[in-house]
Amino acid sequence: MILHDLKAKFIKPKLRYGGEIIHSERDEFGLIQVVDSPICRSLHFDSAVKQSRYFFQAPLSLAFEYQQVIEQQLWLKQIEKPIKNLLMLGVGGGSLASKLFISHPKLVMTLVDLRPAVIDIAHDFFHLPLHSQIKTHAMDAEIFIAENSTHYDAIIIDLFDKHGMPEAFSQAPFLNNLHKKLKPGSILLFNLWQSTPEPTLKVIQFFEALTHQKQGELQLYPIKSSNNLILEYTSLTN
């Protein structure tokens, strides 16, 4: 007890982004920090932008509106056609994957993130379940999409670093390979930032072209609380 009191008195917590830094590490891609406030835990990639958020008293609540929209559209798709396997590019703290694991107990998920440290942090600090139905891959999403031959009922793309979405993910080679991974009648949900209009417009134009070719249907959902834009593309069944 005396030792604890001495630590509290003389060892000041490291503060950043409105909370206490409880974990900090640097990999080859930059700084990763986990920050606790009285009500939640947040993941940061060396910027004030919250990559993920975990509420201590409501651990399955999705903190961001764009995640809520993605979940809602998946539920609507599930009613129309069962989703058996899902690919998620970009893990963050794994909050959306954790929620889907509970709400869709038969769903098999494949999660891909470039940074092994981010996957470890999702498990260790944000309680992403360790389960056989959640398969994780620490590798470049562009390489995974190019080399993987599996087709999916649903694909979620949420690929950002501290600067925004890397340029490669708005280019035709990646998008073409991505489109090939969809089964007939599958759904793709792409989180875009309106604050980075050039790559966002390229992604929209790519899927618009597919709709003009009668290969699928496109919907856009602006997120009122942020600069996000959710692109929903549904491949046609015939």
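Values below: all heavy atoms of this structure, side chains included; hydrogens, waters and symmetry mates excluded. As the structure is a computational prediction, the values presented were derived from the model and not from experiment. When a residue number appears, it is its place in the shown sequence, counting from 1.
Considering all non-hydrogen atoms of both residues, L182 and I187 come closest at CD2-O, 3.9 Å. Between A117 and I32, the closest heavy-atom pair is CB-CD1, 3.8 Å. Closest of all the heavy-atom pairs between P116 and A138 is CG-CB, 3.8 Å. The shortest heavy-atom contact between E142 and F174 is CA-CD1, 3.9 Å. The minimum heavy-atom distance between M165 and S170, with the atom names listed, is CE-CB, 3.9 Å. In terms of heavy atoms, S52 sits closest to G92 at CB-C, 4.4 Å.
When atom types are taken as modelled, the side chain of D113 and the backbone of V91 share a donor-acceptor pair closer than 3.5 angstrom. Side-chain N or O atoms of N85 include none that pairs as donor or acceptor with a backbone N or O of V108 at under 3.5 Å. R41 places no side-chain N or O within 3.5 Å of a backbone atom of F55 that could act as its donor or acceptor partner. Looking at N148, its side chain never comes within 3.5 Å of a backbone N or O of F144 through a donor-acceptor pair. Of the possible polar contacts, none joining the S186 side chain to the A154 backbone as a donor-acceptor pair under 3.5 Å is found. A donor-acceptor pair under 3.5 Å is absent between the side-chain atoms of K214 and the main chain of T211, judged by distance alone. With H44 contributing its side chain and S47 its backbone, the two residues share a donor-acceptor pair below 3.5 Å.
Among residues two or more places apart in sequence or in another chain, the side-chain contact (heavy atoms from CB on, under 4.5 Å) test is passed with T136 by L111, I119, H123, I134. For S225, the side-chain contact (heavy atoms from CB on, under 4.5 Å) criterion is met by E65, I223, not counting sequence neighbours. Applying the side-chain hydrogen bond (donor to acceptor under 3.5 Å, both in side chains) test to S149 and every residue at least two apart in sequence or in another chain returns nothing.
Annotation: side chain of F101 is in contact with side chain of H131 (closest heavy-atom distance under 4.5 Å). Contact of the M88 side chain with the T110 side chain is not registered, since no non-hydrogen atoms from C-beta on lie closer than 4.5 Å. Side-chain contact between I230 and L220: absent, with no pair of heavy atoms (C-beta onward) separated by less than 4.5 Å. Residues Q33 and R16 meet the side-chain proximity criterion, which asks for heavy atoms closer than 4.5 Å. In this structure, S98 and P129 have side chains that are in contact, with non-hydrogen atoms separated by less than 4.5 Å. Using a 4.5 Å heavy-atom threshold, the side chains of F126 and V34 count as touching. The shortest distance between side-chain heavy atoms of F190 and V203 falls below 4.5 Å. Using a 4.5 Å heavy-atom threshold, the side chains of E232 and F207 count as separate.
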- [ ] Evaluate the side-chain hydrogen bond (donor to acceptor under 3.5 Å, both in side chains) criterion for residues T200 and Q194: first the C-alpha distance (whole Å), next the side-chain angles of each, then the deciding distance (0.1 Å), finally the verdict.
- [x] CA-CA 7 Å; T200 291; Q194 296 185 74; over 6 Å; no
- [ ] Go through the steps for F169 and I157 under the test side-chain contact (heavy atoms from CB on, under 4.5 Å), then give the verdict.
- [x] CA-CA 9 Å; F169 302 128; I157 305 98; 5.8 Å; no
TODO: Give the intermediate values and the outcome of side-chain contact (heavy atoms from CB on, under 4.5 Å) for residues Q67 and S95.
DONE: CA-CA 9 Å; Q67 293 176 321; S95 55; 3.1 Å; yes
TODO: Evaluate the side-chain contact (heavy atoms from CB on, under 4.5 Å) criterion for residues E25 and L31: first the C-alpha distance (whole Å), next the side-chain angles of each, then the deciding distance (0.1 Å), finally the verdict.
DONE: CA-CA 6 Å; E25 67 177 283; L31 184 65; over 6 Å; no
- [ ] Please assess M109 against Q133 for the test side-chain contact (heavy atoms from CB on, under 4.5 Å), listing each intermediate value before the final yes or no.
- [x] CA-CA 6 Å; M109 287 183 281; Q133 288 178 216; over 6 Å; no
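Between L218 atom CG and H212 atom NE2 the span is 8.5 Å, to the nearest 0.5 Å. We find the CG-CD distance between L62 and Q72 to be 11.5 Å, quoted to the nearest 0.5 Å. Interatomic distance, K180 NZ to N177 CG, rounded to the nearest 0.5 Å: 5.5 Å. We find the CD-OG distance between Q78 and S103 to be 9.0 Å, quoted to the nearest 0.5 Å. Here the CG atom belonging to L60 is positioned 5.5 Å from the CD1 atom belonging to I102, to the nearest 0.5 angstrom. Once rounded to the nearest 0.5 Å, the distance linking CG of L229 with OG1 of T196 reads 10.0 Å.
At a threshold of 4.0 Å, the pair K14-E20 does not count as salt-bridged, since none of the basic side-chain nitrogens sits closer than that to a carboxylate oxygen. Taking 4.0 Å as the cut-off between side-chain N and carboxylate O, D140 and R115 do not count as a salt-bridged pair.
A donor-acceptor contact under 3.5 angstrom links the side chains of Q73 and Y221, judged on distance only. Side chains of D158 and Y66: a donor on one and an acceptor on the other come within 3.5 Å.
By the criterion of side-chain heavy atoms lying less than 4.5 angstrom apart, applied directly or through intervening Ile, Leu, Val, Met, Phe, Trp or Tyr residues, I204 is not grouped with L189; the two fall into different hydrophobic clusters. There is a path of hydrophobic side-chain contacts, each under 4.5 Å, that joins I70 to I83. In the hydrophobic clustering of this structure, L231 groups with L178; members are Ile, Leu, Val, Met, Phe, Trp, Tyr whose side-chain heavy atoms approach within less than 4.5 Å, directly or through other members. Clustering ILVMFWY residues whenever any of their side-chain heavy atoms sit less than 4.5 angstrom apart, transitively, puts L74 in a cluster other than the one holding L159. Residues L87 and I143 share a single hydrophobic cluster, defined by chaining ILVMFWY side chains whose heavy atoms lie under 4.5 Å apart.
In this pair, H127 and Y54 present their aromatic rings tilted. The plane angle is within the 30 to 60° band.
In the hydrophobic clustering, Y17 connects to I21, V35, either directly or through intervening members, whenever side-chain heavy atoms lie under 4.5 Å apart.
Atom CD of Q213 is surrounded by more than 12 heavy atoms from other residues, nucleotides or ligands within 6.0 Å. In the displayed structure, Q215 atom CD is contacted under 6.0 Å by more than 12 heavy atoms of other residues, nucleotides or ligands.
The salt bridge (Lys or Arg N to Asp or Glu O under 4.0 Å) contacts involving residues 195-210 comprise E167-K202, E198-K202, where partners must be two or more places apart or lie in separate chains. Sorted by first then second residue, the salt bridge (Lys or Arg N to Asp or Glu O under 4.0 Å) pairs that include residues 78-97, not counting sequence neighbours, are K77-E80.
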